[in-house]
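These notes concern the structure reproduced below.
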Amino acid sequence: MTETRLRFPPSPTGYLHIGGARTALFNWLYAKKTGGKLILRIEDTDTERSTQDSIQGILDGLEWLGIDWDEGPYFQTEYSHDHLAAANRMLAESHAYKCFCTKEELEARKEAAMAAKQVVGYDGTCRNLSPEQVTEKESAGSPFVLRFKVPERSGMLGYDDKVLGRIEINYKEVDDFVIVRSNGTPLYLLCNVVDDIRDRISHVIRGQDHMTNTTRQVLLYEALGAPLPVFAHMPLTLDLKKAKISKRKHGEIVAVHFYQEHGFIPWALCNFLALLGWSPGDDREIFSREELIEAFSLERINKANSIFNYRLGDEKFFTDPKAIAINEHYLRTMDIGEIGDMVQKVLEKEGLWDLSYAGERKDWYLHTLDLTRDRFHTLNDFATLGRAYFADDFQVEKKPLEKNLLKFPELKEWLPQLADRYQTLDLFTAEETERVAKELADEKGVKPGVIINGMRTVVTGQLAGPSMYDILMVLGREKVVQRLRDVSRLFQ
RNA sequence: GUCCCCAUCGUCUAGUCAGGUCCAGGACAUCGGCCUUUCACGCCGACAACACCGGUUCAAAUCCGGUUGGGGACGCCA
């Protein structure tokens, strides 16, 4: 069997979004699965909208996700010679013809067809121009485009789709499409096929929104005398209103960098994306890289579109709850060293990173992450909810402040007293600090919870957290005493 | 409007090709409980779906037809 060759061909007209990332992921998975190659090709023939920033954004996004490629990036504009050669060959072999219809004429005819509720498509006006007529128009300087000449055949035009099965359409439904613009530049339908042939692409995995393109491209392959690749059209990812997700309509929430900025673990996002439109056939939902590659197959890609269940304006569920759940799973179960590397970037960005965390305090650093990660949802939480572990300027949240502190005014006196006792403790251990805290509660005639929760609020700013005495050990006597003594500032 | 594709819990899905083991399984979310003198994690439990109509069959979520619904495409964008 010859090598499988797949490609991811983004057009650099914006950031990488999750739909594109998912397409890239599926292609990557299949390439890995079959021991083949993934080719990255930047389809930048839309010079109006392509930008350098976008190219960089796509590259960065793929790198962050861990989707690597074997060849490229190739740039489509660098192969325009190939595209034009193919177009000229088709013209010479009567697979294409010059069309002199102007945009205005086409527009008028289209509207007329719409009004008359007829099929909207090119009517073939220039298809049967005689050589003399063509020469005449050309010498008159009339601009022209090149149109593909759809064969006059009865019956059906089709292909076998790996996920959808046989797809067919009647030849008469396909109108003659433009392959080269009047300014001489080739169009997507053509470039894409020419490049896929040159790059020896064996499998084309793309969204179902390309299905009509595929039927027309089948004709192009035929005209160019090239064998058809295997086609697999993935279901689309829809928004809550069941519209195709797009950068323009959905903005940040569908951008890969949004997840990076919100503290997602890259592989967690890949894992989530893989489950959107594919399943292994059993109950597994969490996959390592190797497991996913092993389990993946084109046949198990779903036919039906899926909905990206994002939520806007929800603090905890800022995106699809399942994506967050998967992220949490990795956050709690991954090797703490790997988590440490990822959190380092977050802390650096927030100005909370200390070089000693990678040196003499590394054990402390990793222990702290391990202690707190069970309650967190994203990597960013270490710098926000967990800020008190790395800095003194943390915020005391309103809810615990009112519930655990202001409600008990006596704590203004008691907590500094506790600080004094901690200060003079022979051994600052979990057992000792617990004993002393309970002792104080006993003396004051309150439940230990009053002291403990007040202490938690002052020391971490949070309502929830790990075992109080574990926290004290991580923070160390000095910080604990200092924060407890300073409690009066919160009673202002 | 025309063509193409699709249709199982709120969401992601298993089951459909080889009809019975499915009064439909898992996950997320939600709700309840256990655990925890915090909150989570974890564990246990509950709620919740075969779009509709007809046909084939002893038997249909599964096969066939239709209806409805949803999506996509209809560019000198990619």
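Below, read A as the first sequence line, B as the second, and so on, with proteins coming before strands; counting in each chain starts at 1.
Comparing rC52(B) with rA14(B), their C1' atoms are spaced 24 Å from each other, to the whole Å. Comparing the C1' positions of rC63(B) and rG15(B) gives an interatomic distance of 16 Å, to the nearest angstrom. Here the separation of rG65(B) from rC50(B), taken at their P atoms, is 23 Å to the nearest Å. Taking the P atom of each, rG71(B) and rC12(B) are spaced 14 Å apart, rounded to whole Å.
A salt bridge links Glu138(A) with Lys98(A): the closest approach of a Lys/Arg side-chain nitrogen to an acidic carboxylate oxygen falls below 4.0 angstrom. Using a cut-off of 4.0 Å between Lys/Arg side-chain N and Asp/Glu carboxylate O, Lys103(A) and Glu107(A) are scored as not salt-bridged. Using a 4.0 Å cut-off between charged nitrogen and carboxylate oxygen, Asp195(A) and Arg41(A) count as a salt-bridge pair. Salt-bridge annotation for Glu299(A) and Lys162(A): present, with a side-chain N of the basic residue lying under 4.0 Å from a carboxylate O of the acidic one. A salt bridge links Arg153(A) with Glu222(A): the distance from a Lys NZ or Arg NE/NH1/NH2 to an Asp or Glu carboxylate oxygen falls below 4.0 Å. Contact check on Asp239(A) versus Lys241(A) returns no salt bridge, with no Lys/Arg side-chain nitrogen under 4.0 Å from an Asp/Glu carboxylate oxygen.
Lys438(A) comes within 4.0 angstrom of a nucleotide base, judged by non-hydrogen atoms across all strands. Note on Ile167(A): only backbone sugar-phosphate atoms sit closer than 4.0 angstrom, heavy atoms only; bases stay farther off.
Listed pair Asn302(A) / rA14(B) meets the phosphate criterion, a side-chain N or O lying under 4.0 Å from OP1 or OP2. For the OP1/OP2 pair of rU2(B) and a distance below 4.0 Å, the side-chain nitrogens and oxygens of Lys172(A) include no atom meeting the criterion. The phosphate of rC77(B) (OP1 or OP2) has a side-chain N or O of Arg181(A) nearer than 4.0 angstrom. Listed pair Thr212(A) / rC3(B) fails the phosphate criterion, with no side-chain N or O lying under 4.0 Å from OP1 or OP2. Contact between the side-chain N/O atoms of Arg311(A) and the OP1/OP2 oxygens of rU30(B) is not found at any separation under 4.0 Å. Not one side-chain nitrogen or oxygen of Ser306(A) sits closer than 4.0 Å to the OP1 or OP2 atom of rC12(B). An OP1 or OP2 oxygen of rU13(B) is reached within less than 4.0 angstrom by no side-chain nitrogen or oxygen of Arg300(A). Contact check, Thr45(A) against rA78(B): a side-chain N or O comes under 4.0 Å of OP1 or OP2.
Comparing Gly465(A) and Asn309(A) along RNA chain B, the residue whose closest nucleotide (by nearest heavy atom) sits nearer the 5' end is Asn309(A). Comparing Asp320(A) and Gly449(A), the nucleotide of RNA chain B nearest to each residue sits closer to the 5' end for Asp320(A).
The base of rG71(B) lies outside donor-acceptor range of the side chain of Gln208(A), with no N or O pair under 3.5 Å. You won't find any donor-acceptor pair under 3.5 Å spanning the side chain of Asp44(A) and the base of rA78(B), going by distance alone. Scanning atom types as modelled, one donor and one acceptor separated by under 3.5 angstrom connect the side chain of Arg375(A) and the base of rC39(B).
When distances are taken from the side chain of Met211(A) to each of rC5(B), rA29(B), rG72(B), the shortest belongs to rC5(B). Looking at the side chain of Arg49(A), the nearest of the listed nucleotides rC77(B), rU11(B), rA14(B) is rC77(B). Side-chain proximity of Lys322(A) to the nucleotides rC5(B), rC76(B), rC28(B) is greatest for rC28(B). Considering only the side chain of Asp283(A), rG25(B) comes nearest among rU38(B), rC12(B), rG25(B).
Rounded to whole angstrom, the span from the OH atom of Tyr122(A) across to the P atom of rC74(B) amounts to 19 Å. Between the P atom of rG72(B) and the NE2 atom of His233(A) lies a distance of 15 Å, rounded to the nearest Å. For the pair Asp470(A) CG and rA40(B) P, the computed distance is 18 Å after rounding to whole Å.
Using Watson-Crick or G-U wobble geometry with both donor-acceptor distances under 3.5 Å, rC34(B) finds its partner in rG42(B). With a cut-off of 3.5 Å on both pairing distances, the Watson-Crick or G-U wobble partner of rG1(B) is rC74(B).
Relative ring orientation between Tyr79(A) and Tyr74(A) is described as perpendicular, the plane-to-plane angle rising above 60° on a 0-90° scale split at 30° and 60°.
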